[in-house]
Structure formats: C-alpha cells, structure tokens
Amino acid sequence: MTVPYSEPTGKRGDLAAMTKWLVFLEQREGVVKQSSIDAWNRVQELAASRPDVAVSGLLAGPASLGHLEGSLAGKGVIAHAKDECFRLYNQERYLRLVADILNREGAGSLFFADTVLSRDLAPRLSVRLHASLLSGNPIFDDARAADDGGCRRPVYSGSFIASFAPRRPLGIYIIASRRTPSVDYPGARIAFVDLEACAVAGEALFPLVRRLAMHQGTLDVAEAGIIVAGGRGMGGPEDFALLEQLARLLGGAVGASRPVVDEGWRPHAEQIGQTGKTVAPSLYIACAVSGSLQHLAGMGSAGTVVAINRDPHAPIFDVADYGIVGDVHLVLPKLIEALQEFLKKG
Ligand SMILES: Cc1cc2nc3c(=O)[nH]c(=O)nc-3n(C[C@H](O)[C@H](O)[C@H](O)COP(=O)(O)OP(=O)(O)OC[C@H]3O[C@@H](n4cnc5c(N)ncnc54)[C@H](O)[C@@H]3O)c2cc1C
C-alpha cells in the first residue's frame with residue numbers, strides 16, 4: 001500500500017521540507033460526513049496563509065466521491081482507504097490505518113471533526129502515538145498555532161478561555177464542525193488516491209463493531225444545517241411532535257437538552273451540550289431551553305439563534321439573535337402554520 005502524497009500540481013516546492021497536516025474524513029453508509037467536509041475546509045482556511053504547509057486527507061471506508069465535487073476547498077491529496085474492512089468503525093483497524101499513514105507521511109498535526117467516532121479514536125491514537133490531544137473546539141489564533149502552540153479553548157463550559165501548546169511532536173485536534181455555507185470551490189485541486197489493499201487491517205484484535213441505527217430519513221443532529229431543539233419546558237415526549245414537524249418543514253433535525261434525554265423523552269444521540277454533541281448549524285431554534293452554560297457549550301458556534309421561552313429573563317435570550325417570549329404550545333403551532341402558508345405560496 002503506497003500513498004504518494006505528492007502535490008497534484010507539483011508547484012509547491014520541496015514537499016519533504018514542508019510541514020504536513022493530515023485531516024481525517026469519516027463516512028457513514030458510504031457518504032462522507034458533512035462535519036468532515038467542514039473540518040477539511042476549516043483546515044484549508046488555516047493553511048491558506050501558510051505556503052510551507054501541505055494538507056492531506058485520509059478517508060476511511062468505501063464512499064462515493066461524486067457529491068464532493070466542488071465542496072472541498074484548497075489543494076491536497078486525500079488517501080481513500082476504500083476497502084470493505086473500513087466500512088464500519090473498528091477501533092483497532094482504524095487506529096492502525098491512521099497511525100500507518102501518519103508514520104509514513106510524518107504529519108505533525110492531525111485534525112478530526114467532532115463526532116462520536118473521533119471522540120473514541122483520537123484519545124486512543126494520542127496514547128498509542130504519544131501525541132498531544134486537544135478537543136473541545138480549539139481556536140487557532142493564527143495558522144502557526146497548530147504547529148507551535150498558542151491555540152485557545154473554552155474551559156469550564158465556556159466560562160474561561162485557556163491557552164494550550166502541544167508538548168509532543170504530534171498534535172491531534174478535534175475541531176468543532178462549523179457549518180460552511182454550500183459554496184463552490186471551483187479553484188480547488190483535490191486528488192484522491194486509492195488505498196486498495198487492507199494491508200494495515202490485519203486481524204481485528206478487538207472485533208467490536210458498533211453501529212448506531214438511525215430512524216430512516218432522520219438527520220444526524222451534528223450534521224444538520226438547521227436544528228430545532230427542545231428543553232424540559234416542552235413538557236413531555238409527545239410535545240416533541242411539534243418540534244419534529246417544524247424540523248421537517250425546515251429540512252432540519254431535532255435536538256434536545258440533557259434533562260430531556262435523562263427523562264427518556266429523546267435519544268442521547270440528539271443531546272446537545274457539554275456531555276452531548278457539539279453542533280454548529282446556521283439556524284438554531286431553542287424551544288423551552290433555559291440556556292445553561294452546559295447547553296451553550298454545545299451550540300455556541302451556531303449561526304442565527306432563535307429562542308422561544310416564557311421566561312423573559314431566561315439566559316438563552318442573552319445569546320439569541322431573535323427572542324419570542326411566550327408559551328411554546330401557543331407559539332410553535334402558529335409558527336408552523338405561518339411556515340406552511342409561506343411554503344405553499346413559494
Ligand atoms: C457536568 C454536567 C454536564 C451537563 N451537560 C449538559 C449537556 O450536555 N446538555 C444540556 O443541555 N445540559 C447539560 N447539563 C445540565 C444543565 O446544567 C441544565 O440543567 C440543562 O441544560 C437544563 O435543561 P433545560 O433548559 O431543558 O431545562 P430547564 O433549565 O429546566 O429550563 C426549562 C426552560 O423552559 C422554559 N419553559 C417552561 N415551560 C415553558 C413553556 N410552556 N413555554 C416556553 N418556555 C417554557 C422555562 O422558562 C425554562 O427556561 C449538564 C450539567 C452538568 C452538571
């Protein structure tokens with residue numbers, strides 16, 4: 001298995017002397033995750049001011065590449081481990097695959113999108129490879145930060161910002177997905193290189209394969225561009241039908257606060273916050289969510305925030321762009337009706 005990480009254009013000078021960053025791209029059911037596309041684009045944005053940096057990627061598992069046309073920015077080579085053995089996440093196999101590519105390429109920084117898989121794989125890699133690991137949406141002050149330290153991260157649920165510098169030669173970063181608008185990147189030069197053989201796979205030492213089945217047609221909250229989130233104030237599980245209806249009309253996903261998940265009203269996969277998922281949709285509609293620090297920790301990067309709450313002093317209004325003071329059971333049906341009318345006309 002050889003991975004020729006050469007520049008597609010060959011114009012960027014001596015590749016061996018360059019600083020190398022690797023971005024891990026994840027697929028699910030053969031479709032590359034939006035959060036991985038966002039991570040790639042975010043890293044490319046950082047690298048744009050660094051002519052000495054070569055960005056490359058690793059896509060694990062068979063996936064169709066057609067829909068990526070125009071959605072990946074910048075330049076670079078993406079090694080595609082398309083073997084069936086990488087279709088489902090297997091800790092040991094994935095670990096060996098990433099370690100192998102990192103080893104042969106000598107990348108100094110490895111970037112993951114913030115997903116359930118990366119939260120499992122990245123810490124294992126950091127232990128195996130003696131690498132520094134930084135999760136929780138690091139902010140890079142400038143593009144040098146990824147190599148030299150100097151990146152910052154919110155701590156204590158966003159109460160403080162702390163500075164971090166990697167102590168090891170390899171830095172692993174889990175970056176929050178920041179939804180990039182669906183722009184076209186016509187100037188991008190991305191080449192895919194197939195990794196045909198499953199050479200690094202070997203026998204799975206830990207043949208534990210977990211597959212989380214989603215309801216047919218349900219959008220993963222971490223991938224959604226629009227989220228309609230419900231809090232404890234919704235009242236009960238049956239009241240989430242309103243949120244499902246609104247999410248469907250908007251083409252978005254339903255999210256939930258922790259008490260809602262603890263009560264068993266919604267699955268944990270929908271939980272947003274410190275102990276749930278970190279999301280960055282372009283529109284976040286918070287319904288009967290108070291806006292605790294732990295909840296905000298998961299949606300602080302959302303674009304436009306709309307809050308509906310009957311308490312005018314609820315902290316969620318401090319971060320909302322638009323606020324509606326009122327009972328969700330009165331406001332939501334009106335909102336849904338107005339939206340239906342609007343869509344009918346449109
Ligand atoms: C270590 C730790 C980790 C945590 N992780 C998370 C996490 O990942 N995610 C998370 O969300 N929380 C998390 N929490 C819990 C967090 O502290 C809050 O308790 C939680 O976010 C509150 O959820 P809520 O807003 O749904 O409920 P509440 O705080 O009870 O707020 C309900 C809101 O609904 C409003 N309301 C009530 N009825 C109506 C109505 N009919 N119409 C309109 N508004 C109404 C109320 O005014 C209130 O503002 C964590 C806590 C700890 C200690």
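When reading the values below, keep in mind they use all heavy atoms of this one structure, side chains included, and skip hydrogens, waters and symmetry mates. Note that ligands are numbered from 1 as they come in the structure, with each ligand's atoms numbered from 1 the same way. What you are looking at is a predicted structure, and each value in this text was computed from that prediction instead of being measured.
Ring orientation note: the planes of Phe192 and His80 are nearly perpendicular, at an angle over 60° on the 30°/60° scale. Below 30°, between 30° and 60°, or above 60°: for Tyr284 and His295 the angle between ring planes is between 30° and 60°, a tilted geometry.
A heavy-atom separation below 4.0 Å is not found between Gly298 and ligand 1. Ligand 1 has no atom lying under 4.0 Å from any heavy atom of Val260. Under a 4.0 Å heavy-atom criterion, Ala297 is not in contact with ligand 1.
In this structure, Ser290 contributes its side chain and Ala314 its backbone to no donor-acceptor pair below 3.5 Å. Looking only at distances, no side-chain donor or acceptor of Gln27 sits under 3.5 Å from a matching main-chain atom of Ala63.
Atoms of ligand 1 lying under 4.0 Å from any heavy atom of Ile272, numbered from 1 in the order shown and given with element: 7 (C), 8 (O), 9 (N), 10 (C), 11 (O). For ligand 1, the atoms closer than 4.0 angstrom to any heavy atom of Gly276 are 8 (O). Annotation for ligand 1: atoms under 4.0 Å from non-hydrogen atoms of Thr275 are 3 (C), 4 (C), 5 (N), 6 (C), 7 (C), 8 (O). Ligand 1 places these atoms under 4.0 Å from at least one heavy atom of Ser292: 16 (C), 17 (O), 18 (C), 20 (C), 21 (O). Of all atoms in ligand 1, numbered sequentially from 1 with element shown, those under 4.0 Å from a heavy atom of Pro259 are 20 (C), 22 (C), 23 (O). Counting the atoms of ligand 1 from 1 in the order shown, those under 4.0 Å from a heavy atom of His329 are 41 (N). Ligand-side atoms of ligand 1 in range of Asp327: 40 (C), 41 (N), 42 (N), range being under 4.0 angstrom from any heavy atom. Ligand 1 places these atoms under 4.0 Å from at least one heavy atom of Gly326: 42 (N), 43 (C).
Where the criterion is an N or O separation shorter than 3.5 Å, residue side chain and backbone included, Val328 meets it with respect to ligand 1. Between Ala288 and ligand 1, at least one pair of N/O atoms sits closer than 3.5 Å.
Of the listed options Arg232, His268, His313, Arg232 places a heavy atom closest to atom 30 (O) of ligand 1. By heavy-atom distance, the residue among Asn309, Asp311, Val289 lying nearest atom 46 (C) of ligand 1 is Asn309. Looking at Lys277, Gln294, Gln271, Met299, it is Gln294 that brings a heavy atom closest to atom 50 (C) of ligand 1. For atom 25 (O) of ligand 1, the nearest non-hydrogen atom from the set Ser290, Pro312, Ala229 comes from Ser290. The option from Gly233, Gly255, Gly273 that lies nearest to atom 40 (C) of ligand 1, judged by heavy atoms, is Gly233. Proximity annotation for atom 4 (C) of ligand 1: of Arg258, Gln274, Met234, Arg258 comes nearest, heavy atoms only.
A salt bridge links Arg266 to Glu244: one of the charged nitrogens lies within less than 4.0 Å of a carboxylate oxygen.
With no hydrogens or angles considered, no side-chain donor-acceptor pair links Ser257 and Gln271 at under 3.5 Å. Remark: the Asp311 side chain and the His313 side chain contain no N/O donor-acceptor pair separated by less than 3.5 Å. Under 3.5 Å, the side chains of Asp321 and Thr304 contain no donor-acceptor pair of N or O atoms.
Nearest protein heavy-atom neighbour of atom 44 (N) of ligand 1: Arg310 N, 3.2 Å. Nearest protein neighbour of atom 24 (P) of ligand 1, counting heavy atoms only, is Ser257 OG, 3.6 Å.
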Using the salt bridge (charged side-chain N to carboxylate O under 4.0 Å, His left out) rule, take Glu92 and Arg128 through it: C-alpha gap first, then chi angles, then the decisive distance, then the call.
CA-CA 11 Å; Glu92 186 58 22; Arg128 183 77 60 98; 3.1 Å; yes

- Query: Could you walk me through whether Glu263 and Arg258 pass the salt bridge (charged side-chain N to carboxylate O under 4.0 Å, His left out) check?
  - Reply: CA-CA 8 Å; Glu263 289 291 337; Arg258 180 162 155 176; over 6 Å; no

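Annotation: salt bridge (Lys or Arg N to Asp or Glu O under 4.0 Å) contacts of Lys344 (sequence neighbours excluded): Glu341.
Ring to ring, Phe24 and Phe111 are not that close: their centroids are 6.0 angstrom or more apart.
Counting non-hydrogen atoms of neighbouring residues, nucleotides and ligands closer than 6.0 angstrom, the CZ atom of Arg119 exceeds 12 such neighbours.
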